[in-house]
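As the structure lists them, so they are numbered: ligands from 1, and atoms in each ligand from 1. Predicted, not measured: the structure shown is a model, and the values here were computed from it. For reference, positions follow the sequence shown, starting with 1.
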Amino acid sequence: MVKIRIIALLIAIFLFGCQQKKEYQNMEDKFTLVIHGGAGTILKKNMTPEREQAYKDILQESLITGHTILKNGGTSIDAVEAAVKVMEDSPLFNAGKGAVFTHDGKNEMDASIMDGKTLNAGAVSSITCIKNPIQLARSVMEKSPHVMLTGDGAEQFAKENGFEFVDPSYFHTEFRWNQLEKAKQSDVALLDHSDNVGEDNSIYDEIQKEKKFGTVGAVALDKHGNLAAATSTGGMTNKQFGRVGDSPIIGSGTYANNNTCAVSCTGHGEYFMRAVVAYDISAMIEYNDKSIEDAANEVIMKKQVDLGGEGGIIAVDKNGNIALTFNSAGMYRGFVKADGNIQVDIYK
Ligand code: ASP
C-alpha cells in the first residue's frame with residue numbers, strides 16, 4: 001500500500017514537472033520586444049531615402065540589442081534599458097543626444113522605467129548633463145527609496161552613484177537648434193496647437209510639418225514571463241517654465257505590470273497625462289478583460305482623439321501579444337519576437 005502511494009506521488013511530481021517545463025517552454029517562445037522612436041507628422045514626402053534609412057538602421061540596432069539580451073535569457077528590464085540607450089545615443093531621436101531645446105536654449109531630459117514583476121519604478125525629470133537618462137532612471141528605481149528625482153537633485157544622486165556626466169554642449173545638434181529658432185520666430189511652443197500665430201501661418205505650417213514627438217521607448221516580455229517598459233525624451237521644442245510631460249510619469253507615459261501589459265507612450269504629453277494613458281490601457285485589460293489591441297485602440301483612437309491628443313503607444317501583454325497604435329501620420333516603430341524576424345516601420 002505504502003509502495004503504491006510512493007509510486008503515485010512520484011508520478012504526480014513527474015507530471016507536475018512536465019507541466020512546469022511546458023509552460024516555461026511556452027514562455028520561451030513568447031519573448032518579445034517592441035520599440036518606438038516617436039510619433040507625429042512623419043510623412044514620406046518630407047523624408048529623403050537616406051534619412052529614412054538612417055532611422056531604420058537605428059531602430060534595427062535597438063531591436064537587435066534588446067533581442068540579444070532576451071534570447072540569452074536576460075531580463076525584460078535589461079532589454080528595454082539597452083534598447084532605449086541605443087536610441088538615446090543617436091542624434092536622430094528626441095532623447096539623449098538628439099534632445100530638443102527648451103525656450104532658453106537648453107536640453108532638459110526626462111525618462112522613466114518600470115518593472116512589471118515588482119511594480120518598482122524609477123524616473124528622472126529636467127536633467128541636463130547625464131548622457132543616458134534611462135540609466136539614471138533605472139538607478140533611481142534600484143538604488144533609492146524614491147520613484148522620481150528631478151533637476152539638480154537627480155544630478156546630485158547621479159554624482160553619488162558614479163554616473164557619466166557630459167558637458168551640456170554634447171546635446172547640441174544643428175537640426176534641433178534650427179527647430180527652436182523656427183518655433184521662437186512664430187512665437188509658439190510646439191506644444192501650443194492654438195491659433196495664436198496671426199495672419200501669416202507659413203512658419204507655423206512649417207513647424208507643424210516637422211511636428212514630431214521623437215521620444216523613444218521600449219516594452220518587453222522576457223523568457224521568465226516578466227514585463228518591463230521604458231521611455232526617454234527631451235520633451236517638446238520651445239518648452240518653458242520647467243515644463244515636464246508624460247514620459248517620466250509612471251502611469252501616464254510608462255507602465256508595466258506582469259498581470260496585464262507593458263506600455264510606453266509618445267505624443268503630446270499634456271493629453272497623455274490628463275488621460276493617464278499607459279495605466280488606462282493596463283486597467284482595461286485588468287478590469288474589462290480587453291485584448292491589448294482593443295484597449296490600445298480605445299485609448300488612442302477614441303479617447304485621445306476625442307480629447308484632442310496626438311501620438312501613439314507601443315505595448316506587449318503577458319502572453320506576448322503586441323500593439324503599435326497611433327493617431328498621427330506616422331510613428332517610428334519596430335518589433336521582434338522569438339523567431340528573430342525584425343520589423344521596422346515609419347508611416348501609417
Ligand atoms: N510625450 C513627450 C512629452 O510630451 C513628447 C514626445 O513624445 O515626443 O514630453
Side-chain angles (χ1 to χ4, degrees), residues 35-42 55 59 84 87-88 90-103 106-113 123-128 133-134 137 148 150 171 173 175-176 179-180 183 188-193 207-208 210-219 229-255 263-281 299-300 304 307-315 324-333 346:
I35 60 167
H36 71 76
T41 314
I42 309 166
Y55 276 107
L59 291 173
V84 162
M87 293 184 279
E88 282 183 339
S90 161
L92 292 175
F93 301 95
N94 173 19
K97 172 77 185 143
V100 298
F101 285 97
T102 67
H103 183 76
K106 292 188 196 149
N107 308 95
E108 290 180 358
M109 290 155 286
D110 312 321
S112 64
I113 192 162
V124 290
S125 63
S126 305
I127 56 169
T128 57
I134 198 64
M148 188 193 283
T150 190
F171 301 103
T173 57
F175 172 63
R176 297 296 185 201
Q179 274 185 339
L180 173 65
V188 285
L190 279 190
L191 263 179
D192 188 351
H193 289 203
I207 292 167
Q208 289 301 308
E210 288 180 7
K211 189 167 57 111
K212 298 183 194 91
F213 308 105
T215 290
V216 305
V219 295
T231 311
S232 180
T233 189
M236 307 280 275
T237 300
N238 206 17
K239 64 185 179 182
Q240 294 189 66
F241 316 119
R243 180 264 183 190
V244 176
D246 61 312
S247 307
I249 297 184
I250 298 302
S252 288
T254 304
Y255 192 72
V263 183
S264 170
C265 303
T266 173
H268 194 149
E270 277 63 14
Y271 293 89
F272 281 67
M273 287 153 89
R274 288 178 193 135
V276 202
V277 164
Y279 181 73
D280 197 22
I281 292 173
V299 174
I300 296 301
Q304 276 297 295
L307 207 61
E310 188 186 342
I313 62 101
I314 51 165
L324 303 94
T325 311
F326 53 99
N327 61 31
S328 46
M331 180 166 83
Y332 300 107
R333 62 198 187 277
I346 299 178

**Request:** Before giving the answer on side-chain hydrogen bond (donor to acceptor under 3.5 Å, both in side chains), spell out for Ser264 and Thr231 the whole-Å C-alpha distance, their side-chain angles and the decisive distance to 0.1 Å.
**Result:** CA-CA 6 Å; Ser264 170; Thr231 311; 2.8 Å; yes
**Request:** Please tell me if the side chains of Tyr271 and Glu310 come closer than 4.5 Å, counting only heavy atoms from C-beta onward.
**Result:** no
**Message:** Once you measure the plane-to-plane angle for Tyr332 and Phe93, does it fall in the parallel (<30°), tilted (30-60°) or perpendicular (>60°) bin?
**Reply:** perpendicular
**Item:** Best match, Gly267, Gly311, Ala39: closest heavy atom to atom 2 (C) of ligand 1
**Value:** Gly267
**Message:** Quick check on Arg243 - does any of its heavy atoms sit under 4.0 Å from an atom of ligand 1?
**Reply:** yes
**For Gly235, the ligand 1 atoms whose distance to one of its heavy atoms is below 4.0 Å** = 5 (C), 9 (O)
**Request:** May I ask you to list the atoms of ligand 1 that are less than 4.0 angstrom from any heavy atom of Thr266?
**Result:** 6 (C), 7 (O), 8 (O)
**Message:** Less than 4.0 Å is my threshold; does some heavy atom of Gly214 fall inside it relative to ligand 1?
**Reply:** yes
**Asked** In Å and rounded to the nearest 0.5 Å, what is the CD1 to SG distance from Ile300 to Cys265?
**Response** 6.0 Å
**Message:** Side chain or backbone, does Thr215 bring an N or O within less than 3.5 Å of an N or O on ligand 1?
**Reply:** yes
**Asked** Does the side chain of His36 reach to within under 4.5 Å of the side chain of Thr215, using non-hydrogen atoms?
**Response** yes
**Asked** With atoms numbered from 1 as shown, which atoms in ligand 1 lie under 4.0 angstrom from a non-hydrogen atom of Asp246?
**Response** 1 (N), 2 (C), 3 (C), 4 (O)
**Item:** Contact (N/O only, under 3.5 Å) between Gly269 and ligand 1
**Value:** yes
**Prompt:** Under 3.5 Å, is there a donor-acceptor pair between the side chain of Asp246 and the main chain of Phe272?
**Reply:** no
**Message:** Tell me whether Arg243 is salt-bridged to Glu108, with the criterion being a basic N under 4.0 Å from an acidic carboxylate O.
**Reply:** no
**Asked** Going by the order shown, which atoms of ligand 1 are within less than 4.0 Å of some heavy atom of Ser247?
**Response** 1 (N), 2 (C)
